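See below for the structure under consideration.
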There are 2 protein chains.
Amino acid sequence: MAAGPCTVANNLYCDQAMCEQCNYARLLKNADLEATANRLHVMEVVGGNNCPLTAAEIFHTISRTQPINQVTVYRILELLVEQNLLERITIGGRAAHYGMAPNEHHAPHPHFICTRCAAIDCLSPECLSVDMENLRKTFSGEVERVEVRVEGICRNCLKGGGKK
Amino acid sequence: MAAGPCTVANNLYCDQAMCEQCNYARLLKNADLEATANRLHVMEVVGGNNCPLTAAEIFHTISRTQPINQVTVYRILELLVEQNLLERITIGGRAAHYGMAPNEHHAPHPHFICTRCAAIDCLSPECLSVDMENLRKTFSGEVERVEVRVEGICRNCLKGGGKK
DNA sequence: GATCCGATGCAATAGATTTGCATGAATATT
DNA sequence: AATATTCATGCAAATCTATTGCATCGGATC
Ligand SMILES: [Mn+2]
Ligand SMILES: [Mn+2]
Ligand SMILES: [Zn+2]
Ligand SMILES: [Zn+2]
């Protein structure tokens with residue numbers, strides 16, 4: 001079953017997820033990457049969506065208007081994650097999801113996954129604060145990233161019973 | 001490449017991860033599940049390890065002493081996760097990992113994954129506190145679980161350069 | 001023009017998990 | 001006792017996701 005994209009309207013959800021401010025070509029150039037049509041399409045699809053997408057979803061979205069190979073999508077996604085333009089988000093299902101990596105326009109934020117209908121939503125950065133002082137002080141390794149995932153039942157499923 | 005289990009000794013790591021206090025047969029009975037030999041083996045392997053394991057790792061561990069089918073392991077894992085005896089932990093790689101679910105002997109805790117050597121470790125419950133007040137107050141759905149995953153470079157990799 | 005390189009396509013493969021179907025043991029029903 | 005039901009398990013095949021190997025092609029470089 002595919003995760004329905006962002007079906008749950010809620011004042012907590014992050015409106016920074018969709019990006020009208022990012023200049024994708026410039027982001028690519030800054031990372032020393034050629035701004036090919038395919039890479040721009042991937043960036044536009046991911047940045048233009050308000051919740052993280054799977055490689056398959058990205059592929060199908062692009063395919064509606066442009067010819068592209070699925071392997072190309074995988075390779076571009078891997079490259080862009082490596083270069084910190086995109087972020088790979090692990091939702092719990094089998095497929096990885098991709099969203100904009102934190103940058104000047106996108107603050108890191110937790111994600112919510114409904115255990116009933118599998119809907120995914122970006123939560124606002126402020127809705128949940130993580131105190132890492134204790135960790136930073138005592139952890140002997142180097143912390144690069146903290147990913148927070150909230151699981152539960154979405155508003156839709158609570159009232160309507162949710163799709164399916 | 002397989003994640004090396006728990007190579008990083010650190011005072012932050014959770015010593016509650018391994019379980020000598022849980023009575024697996026009783027846990028199964030309480031969940032109205034027959035305490036079959038295979039189910040007990042799965043519980044023992046997971047509970048006896050100090051970090052979460054993949055289905056393949058659990059299967060191979062059991063197989064060293066008992067005949068069991070890999071599909072059986074998958075089915076048992078799914079069942080025990082459903083019944084909240086085990087917890088499915090999404091590490092980022094392709095394979096899911098499994099650990100004891102929170103119970104009287106096991107507090108929920110974050111996990112650390114080394115981005116260099118893929119080592120996984122259970123962090124102590126206290127090392128990182130999450131303030132969910134704001135979330136609970138404003139979130140219109142129901143929160144069941146909050147999973148925190150810390151990514152970074154482990155102590156081993158920082159000094160030695162890490163395996164591989 | 002010859003050569004090199006990076007991006008892409010296509011086919012095959014790999015890895016993880018799930019599904020379909022059969023069996024056999026235990027329990028319940030007639 | 002015979003029959004039916006249930007459930008755990010095994011085995012084979014299928015499915016889903018992602019990766020790898022190899023060919024091509026256009027642009028940059030020599
Ligand atoms: Mn997001
Ligand atoms: Mn753990
Ligand atoms: Zn839902
Ligand atoms: Zn490491």
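Quick caveat, the model's predicted, so the values are computed rather than measured. Naming convention: chains lettered A, B, ... in sequence-line order (proteins, then strands); numbering from 1 in each chain.
Remark: the A/Arg75 side chain and the C/dG9 base include a donor-acceptor N/O pair separated by less than 3.5 Å.
Side chain of B/Ala55, nearest nucleotide from C/dT17, C/dC10, D/dG10: C/dT17. Of the candidate nucleotides D/dG10, D/dA8, C/dA16, D/dG10 has the atom lying nearest to any side-chain atom of B/Thr72. Taking only side-chain atoms of A/Ile76, from C-beta outward, the nucleotide of C/dG15, D/dT20, C/dT8 with the closest atom is C/dT8.
B/Asn69 has a side-chain polar atom (N or O) that falls below the 4.0 Å cut-off from OP1 or OP2 of D/dC11. The phosphate of C/dT8 has OP1 or OP2 within less than 4.0 Å of a side-chain N or O from A/Thr36. Between B/Tyr74 and C/dT17, a side-chain N or O to OP1/OP2 separation shorter than 4.0 Å is present. Here A/Asn38 reaches the OP1 or OP2 of C/dT8: one of its side-chain N or O atoms lies under 4.0 Å away.
Per the geometry, NE2 belonging to B/His41 stands 14 Å off C1' belonging to D/dT9, to the nearest Å. C/dG6 atom P lies 14 Å from atom CD of A/Glu82, rounded to whole Å. Going from atom NE2 of A/His97 over to atom P of D/dT17 covers 10 Å, rounded to whole Å. One can place CZ of A/Arg94 at 12 Å from C1' of D/dA14, the figure rounded to the nearest angstrom. The distance between atom CD of A/Gln83 and atom P of C/dG6, rounded to the nearest whole Å, is 14 Å. Rounded to whole Å, the distance from CG on B/Leu40 to C1' on D/dT9 is 15 Å. Nucleotide D/dT19 holds its P atom 16 Å from the CZ atom of A/Phe59, rounded to whole Å. Rounded to an integer number of Å, the gap from CG of B/Leu28 to P of D/dA8 is 11 Å.
Heavy atoms of A/Ala96 sit under 4.0 angstrom from primed sugar atoms or phosphate atoms, though from no base atom. Nucleic acid contact class of A/Gln70 (heavy atoms, under 4.0 Å, all strands): none. Counting any heavy atom pair closer than 4.0 Å across all strands shown, A/Arg39 reaches sugar-phosphate atoms only and no base atom.
Checking B/Leu79 against A/Ala95, the closest nucleotide of DNA chain D that is more toward the 5' end is the one next to B/Leu79.
Here A/His41 contributes atom NE2 and A/Thr65 contributes atom OG1; the two are 6.0 Å apart, rounded to the nearest 0.5 Å.
Side-chain atoms of B/Glu34 and B/Thr36 include no donor-acceptor pair closer than 3.5 Å.
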Q.
Evaluate A/Phe139 against B/Phe112 for ring pair (Phe, Tyr, Trp, His ring centres under 6.0 Å), listing each step before the verdict.
A. CA-CA 10 Å; A/Phe139 184 64; B/Phe112 173 81; 4.7 Å; yes

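Between B/Arg145 and B/Glu87 there is a salt bridge, with a side-chain nitrogen of the basic residue lying less than 4.0 Å from a carboxylate oxygen of the acidic one. With salt bridges taken as basic N to acidic carboxylate O contacts below 4.0 Å, none links A/Glu147 and A/Arg149.
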